There are 2 protein chains.
Amino acid sequence: MARQLEEWISSERLEPGAQLPTERVLCERFGVSRAVIREAISRLKADGCVRTRQGSGAYVAALPGQGSFRIVGGTPDAPERLPREVSDVFELRYLIETGAAALAAVRREEQDLDRMRLALVRMREALASGADAVADDDAFHVAVAAATRNPQLERFQLFMARHLSESRAPTWSPAGHLEGWAEQAQDEHERIFGAIAAGDASGAHAAAAAHLVRAARRLGLDPQRWGAADNVEIEQ
Amino acid sequence: MARQLEEWISSERLEPGAQLPTERVLCERFGVSRAVIREAISRLKADGCVRTRQGSGAYVAALPGQGSFRIVGGTPDAPERLPREVSDVFELRYLIETGAAALAAVRREEQDLDRMRLALVRMREALASGADAVADDDAFHVAVAAATRNPQLERFQLFMARHLSESRAPTWSPAGHLEGWAEQAQDEHERIFGAIAAGDASGAHAAAAAHLVRAARRLGLDPQRWGAADNVEIEQ
DNA sequence: GATTCAAATTTGTCAGACAACTTCAGATCG
DNA sequence: CGATCTGAAGTTGTCTGACAAATTTGAATC
């Protein structure tokens with residue numbers, strides 16, 4: 001099994017920079033062919049903890065598990081998350097997105113505003129027709145992150161969006177439309193956009209905070225103490 | 001190139017559950033052997049966005065980038081980062097850590113304070129002996145994140161520590177000791193701890209912000225506009 | 001129509017070979 | 001003696017062909 005080899009390499013406690021045994025040696029040690037060894041090393045390379053140089057060898061680049069960040073929770077078989085876990089992810093999102101909105105207000109360029117406008121228009125249409133606009137909701141928040149002109153922030157938001165799609169679904173569901181959730185979310189989005197377009201950093205921060213707090217409430221979460229970070233007023 | 005294939009598969013916008021072309025087909029399409037195709041697929045499997053079933057085929061399990069987040073920068077061949085990229089990462093860190101410090105001030109328990117004290121004591125010893133304390137520096141920041149009682153935040157900080165170790169190295173280098181950087185960093189850490197221990201959320205936020213701004217300056221970065229997120233006063 | 005079974009298909013693994021590149025010891029030259 | 005060049009050995013990257021294991025498919029059968 002390739003899995004076995006990966007675990008062995010991970011457990012070998014090789015320090016970054018250390019050279020792995022040659023493929024030939026690993027073949028003998030595990031009694032498998034070079035193809036299996038190479039595929040296992042491919043996975044380690046994808047994880048970022050091994051780098052290879054042709055003619056030289058394979059070297060440890062980072063400790064396993066530290067090359068990437070994953071949102072954990074549930075299991076591969078039962079991926080549903082506990083409310084507590086959703087709340088924790090939302091809190092992480094709160095820290096990033098409120099700050100990102102403020103930065104976006106300072107740095108946004110015209111093309112960023114265009115992206116936001118496009119997403120807003122589409123959500124408005126979905127609002128009128130009762131359709132699903134989760135993808136556009138994602139796109140709006142990614143556009144805000146992109147407006148910070150910080151690629152790392154945009155990538156992080158893109159990453160988070162996948163995990164948040166499921167949490168956005170209720171808002172845009174038929175029930176969400178009837179409950180007025182979609183309309184409420186749209187109003188919050190408009191406020192965020194307005195502040196960013198106006199270059200109002202603290203306003204954008206507050207608008208993003210309000211949006212996240214209300215979005216959490218729509219999911220039945222209790223975001224009472226998130227505001228500790230910046231004493232945001234949470235009007236009921 | 002295997003890289004090319006991965007990008008093609010990623011760009012093909014296959015929906016989760018969709019079946020990939022067979023290995024044989026991909027071989028013809030890219031003019032490479034099965035070994036190359038299989039290694040590329042191995043990496044996609046490691047990324048979690050492809051799953052294979054023997055005798056059946058390969059299927060898209062998730063969208064690329066969904067499974068994990070990693071800090072990008074440089075190239076696999078030249079992993080050194082540009083100042084701009086380091087600055088971007090610092091900005092992301094700024095958003096997370098200042099908020100985390102504030103939350104930690106509200107939620108910290110005695111055991112969290114103990115972890116921070118331990119790291120502080122070790123850094124104090126390193127300060128006296130002129131030794132390296134990058135690991136303890138990491139440990140302190142992870143302890144702060146742990147004090148938020150939010151596992152996702154702690155995991156994120158643990159993940160970031162890997163990328164930040166290199167940026168902390170100058171502070172604890174012999175030159176850093178001579179320049180007074182280590183002493184300065186230690187003072188900043190003490191302030192953060194003091195605010196968290198006192199349960200002062202806004203004070204912890206400000207102390208963390210000041211630490212990050214100064215740390216960035218020690219690296220020769222320009223953190224002038226980070227404070228847009230919360231109007232932090234940056235005294236020169 | 002439902003079941004059974006065998007053939008075709010596909011992934012997983014093995015073996016050997018060669019190309020591209022790196023490394024290093026030894027030869028060569030100043 | 002020291003620096004430089006050379007070539008052989010070692011290592012990863014890729015190719016080819018083959019077989020095993022699992023799944024899928026379709027025809028034959030009941």
Side-chain angles (χ1 to χ4, degrees), chain A residues 1-64 67 76-77, chain B residues 1-64 66-67 74-80:
Chain A
M1 276 294 190
R3 190 82 186 172
Q4 198 177 0
L5 168 66
E6 292 174 46
E7 287 175 4
W8 178 83
I9 290 179
S10 297
S11 69
E12 199 61 8
R13 295 197 160 264
L14 296 173
E15 293 188 4
Q19 186 169 8
L20 268 61
T22 68
E23 296 178 354
R24 202 77 60 178
V25 171
L26 290 173
C27 289
E28 291 179 7
R29 178 129 40 181
F30 290 91
V32 295
S33 73
R34 244 187 99 199
V36 176
I37 297 292
R38 285 189 60 78
E39 288 193 22
I41 292 179
S42 282
R43 291 191 213 190
L44 293 174
K45 283 198 287 187
D47 271 341
C49 60
V50 162
R51 237 177 38 229
T52 59
R53 281 189 304 164
Q54 184 175 197
S56 177
Y59 303 85
V60 178
L63 268 42
D77 300 326
Chain B
M1 287 292 184
R3 192 79 190 171
Q4 198 177 0
L5 167 65
E6 292 175 46
E7 288 175 3
W8 178 83
I9 291 179
S10 297
S11 68
E12 198 61 7
R13 297 208 156 261
L14 297 172
E15 292 186 4
Q19 185 169 9
L20 267 63
T22 68
E23 295 178 354
R24 206 78 61 176
V25 171
L26 290 172
C27 289
E28 292 179 8
R29 176 127 44 181
F30 289 91
V32 295
S33 71
R34 246 188 97 200
V36 177
I37 299 292
R38 287 189 60 77
E39 288 194 21
I41 292 179
S42 282
R43 291 190 218 190
L44 293 173
K45 283 198 286 187
D47 271 341
C49 60
V50 162
R51 241 178 40 233
T52 59
R53 280 190 305 165
Q54 186 174 186
S56 176
Y59 303 85
V60 178
L63 267 44
Q66 170 174 4
T75 65
D77 301 327
E80 70 275 3

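Sequence lines set the chain letters: A, B, ... in the order given, protein chains first and strands last, and positions in each chain run from 1. Everything numeric here is computed off the predicted structure, so don't read it as measured data.
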Starting from C1' on C/dA15, measure out to CD on A/E23 and report it in whole angstrom. 15 Å

Could you pull out the closest heavy-atom pair between B/P21 and B/L26, with the gap in Å? O-CD1, 3.8 Å

For a quick test of reading the model: is some side-chain N or O of A/S56 closer than 4.0 Å to OP1 or OP2 of D/dT12? no

Looking at D/dT11, I'd like to know if its phosphate oxygens (OP1 or OP2) sit under 4.0 Å from a side-chain N or O belonging to A/T52. no

In Å, rounded to the nearest 0.5 Å, how long is the span from CZ of A/R29 to OG1 of A/T22? 9.0 Å

Value in whole Å for how far the C1' atom of C/dA17 lies from CZ of A/R38: 14 Å

Here the distance between atom P of C/dT10 and atom CD of B/E28, to the nearest Å, is 11 Å

Among C/dG12, C/dT23, C/dC21, the one nearest any side-chain atom of A/Q54 is C/dC21

Between P on C/dT11 and CD on B/Q19, what's the gap in Å once rounded to a whole number? 7 Å

Atom CZ of B/F30 to atom C1' of D/dT14: distance rounded to whole Å? 16 Å

Write down the atom of B/A46, the atom of A/A46, and the distance for their closest heavy-atom approach. CB-CB, 3.8 Å

Let me know the distance between CZ of B/R51 and C1' of C/dT11, rounded to the nearest Å. 15 Å

Out of C/dT11, C/dT23, C/dC14, which has the shortest distance to the side chain of A/V36? C/dC14

Flag, side chain of B/E23 to backbone of B/A58, donor-acceptor distance under 3.5 Å: no

Extract from the structure each pairing of a protein N or O with an N or O of nucleotides 16-19 of chain D at less than 3.5 Å, listing the distance.
{"unit_1": "D/dA18", "atom_1": "N6", "unit_2": "B/R34", "atom_2": "NH1", "d": "3.3"}

How far apart are the closest heavy atoms of A/S42 and B/E39, and which atoms are they? OG-OE1, 3.2 Å

Without decimals, in angstroms, what is the distance between A/I37 CD1 and D/dT12 P? 11 Å

Indicate the atoms forming the closest heavy-atom contact of B/K45 with B/T52, along with that distance. NZ-OG1, 3.4 Å

Using whole Å, what does the distance between atom P of nucleotide D/dT23 and atom CZ of B/R53 come to? 8 Å

